[in-house]
Protein chains: 2
Amino acid sequence: MATQRPDLPTPPGRKPRRAAPARQPLSQDVIVDTAIRVLDAEGLEAVTMRRVAQELGTGPASLYAHVSDKEELRELMLDRVTGEVVLPVTDPARWQEQLKEIAHEIRRVYTSHGDIAKVSIGLIPTGPNLLTIAEAQLDLMRVGGVPPKIAALAVDALGMYIDADAVEDTVYTARLGADEDAWEHFHRYLNEVRAYFRGLPADRYPNIVGMVAELTSGAGDERFEFGLDILIRGIASYVDAPPSA
Amino acid sequence: MATQRPDLPTPPGRKPRRAAPARQPLSQDVIVDTAIRVLDAEGLEAVTMRRVAQELGTGPASLYAHVSDKEELRELMLDRVTGEVVLPVTDPARWQEQLKEIAHEIRRVYTSHGDIAKVSIGLIPTGPNLLTIAEAQLDLMRVGGVPPKIAALAVDALGMYIDADAVEDTVYTARLGADEDAWEHFHRYLNEVRAYFRGLPADRYPNIVGMVAELTSGAGDERFEFGLDILIRGIASYVDAPPSA
DNA sequence: ACCTGAACACCGTTCAAGT
DNA sequence: ACCTGAACACCGTTCAAGT
């Protein structure tokens, strides 16, 4: 590695080999790394070709040798991130609980990476890490006795629910930059919504007005848990009871 | 209206009152109208401030007198579109079916307006039309005996599912412009996915490889129906049986 | 093969100036 | 009050040219 002795200063008149070599040789990996760093710090909107290139000390055109376009970069980011999801070993006795554990784990990983869930929505999962997750979910439903067709659709429905929830979580926390106290801002907004609902004409919206508390409660984990429960109950209802349709 | 006699040509030397008056006086309504026209024809991405302004024969700056920013315009578009949703009159005996009917109706309206569902995802519904839909859903669950807390969360979960499905539907049909046969393109892509799944290592992805048919079937209505069924079954499971949590 | 500068055809938003 | 031109600070992508 060291063909040079760094303890001696460069002799006068000797030029460094290159003016300013890019710190790291460009590659798909370092591009995705950098993009994720920007994502974590400033959200998906900040991940532009130009911004990523700048972060790497080069121009935007240089990225196109390693990534076909911005959409591909986003999908590569998603698959990298989903690699952080830790999956349980299938335990037939706990298939419903483990299905929930996976959902919680995906949610944890997504919400720790800005609004990456936006990339996932409406995308057929083909990246290796997303496939591994689907495989684990299918395995749990198989041992649980869920009919294959239902299981396939359930993977879809679960994915949609997790994605949509993660996006919702980040929309309000990421709407304002990281400089403001996002959580407090969200609560202020929630209070505005509550007041707005309460002020609605009760004759036109009797159910909404009568359920303001329920509609604006559980902002986070609790709400997610309940929705998940609805889904898992629905899935479990097909065990030994084929769909009527 | 006519203070001028249009059958006679303008006398020489008489100038028309104004050089080229904008066809319609600018207003929030005509801006939203125009934006939706662009959405229907070319999708949400094409709805830019500049494009809408151009369509109205003016500059982008002119829109800011009627709309605070692009995000507000998008939300106004969403609420306008949801006004097309036709709601059933609550029939207690058919609450589950009617809940499904509403879901289908929203899906129909969304998919007929490009990828407008993208605006809905992760947005607390506050527009009058979205509130009317939520009110109808809550009413059905109330007469069905669903506990209020579950009903509130179910509105959320249903919304997420419908939104995510509508986005998925449009991602692949709208990805290529309207000039190509989008449906055929989608089928070709689906076949690629099938071949890709089939070629996966069966020892690592036994469930996926063994369920290729189920995983890539029902592209449209059928898949939506099944997912909806899972959700409604889950919701119904709470009737006279409070949540364990 | 990989990288780059410069250009092309776009963005959202602001603001001083006009009517 | 409403509208506008011009400007500012950005975009994604292409392409001929360099090494």
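In what follows, chains are A, B, ... by sequence order, proteins preceding strands, each numbered from 1.
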Expressed as a whole number of angstroms, how long is the span from [X]:[atom1] to [N]:[atom2]?
| X | N | atom1 | atom2 | result |
| --- | --- | --- | --- | --- |
| R74(B) | dT13(C) | CZ | P | 11 Å |
| R50(B) | dC10(D) | CZ | P | 15 Å |
| E45(A) | dG12(C) | CD | C1' | 11 Å |
| L56(B) | dT4(D) | CG | P | 10 Å |
| Q54(B) | dG5(D) | CD | C1' | 16 Å |
| H66(A) | dT13(D) | NE2 | C1' | 17 Å |
| M49(A) | dC10(C) | CE | P | 19 Å |
| I31(A) | dG12(D) | CD1 | P | 13 Å |

Does the distance from a Lys or Arg side-chain N to an Asp or Glu carboxylate O, for R51(A) and E55(A), drop under 4.0 Å?
yes
For the pair R108(B) and E84(B), find out whether any cationic side-chain nitrogen is under 4.0 Å from an anionic carboxylate oxygen.
no
Given dT4(D), is OP1 or OP2 found less than 4.0 Å from the side-chain N or O atoms of T58(B)?
yes
Looking at dT4(C), I'd like to know if its phosphate oxygens (OP1 or OP2) sit under 4.0 Å from a side-chain N or O belonging to S62(A).
yes
Smallest separation among heavy atoms of R107(A) and D165(A), with atom names:
NH1-OD2, 2.8 Å
S120(B) versus D163(B), closest heavy-atom pair with distance:
OG-OD2, 2.8 Å
Just by protein heavy atoms under 4.0 Å, how would nucleotides 14-19 of chain C read 5' to 3' in B, S and -?
BB----
Whether F224(A) and Y161(A) hold their rings parallel, tilted or perpendicular, with breakpoints at 30° and 60°:
parallel
With a 6.0 Å cut-off (strictly less than), is the heavy-atom count around CD of E72(B), excluding the residue itself, greater than 12?
yes
Kindly indicate whether the side chain of [X], heavy atoms from C-beta on, has any atom under 4.5 Å from the side chain of [Y].
| X | Y | answer |
| --- | --- | --- |
| V47(B) | R74(B) | no |
| F226(B) | E222(B) | yes |
| R80(A) | I36(A) | yes |

Bracket notation of DNA chain C in which parentheses pair within the strand, [ ] cross earlier pairs, and | pairs with another strand (Watson-Crick or G-U, under 3.5 Å):
||.|||||...|||||.||
Could you give the distance separating dC10(C) and dA9(D) at their P atoms, to the nearest angstrom?
22 Å
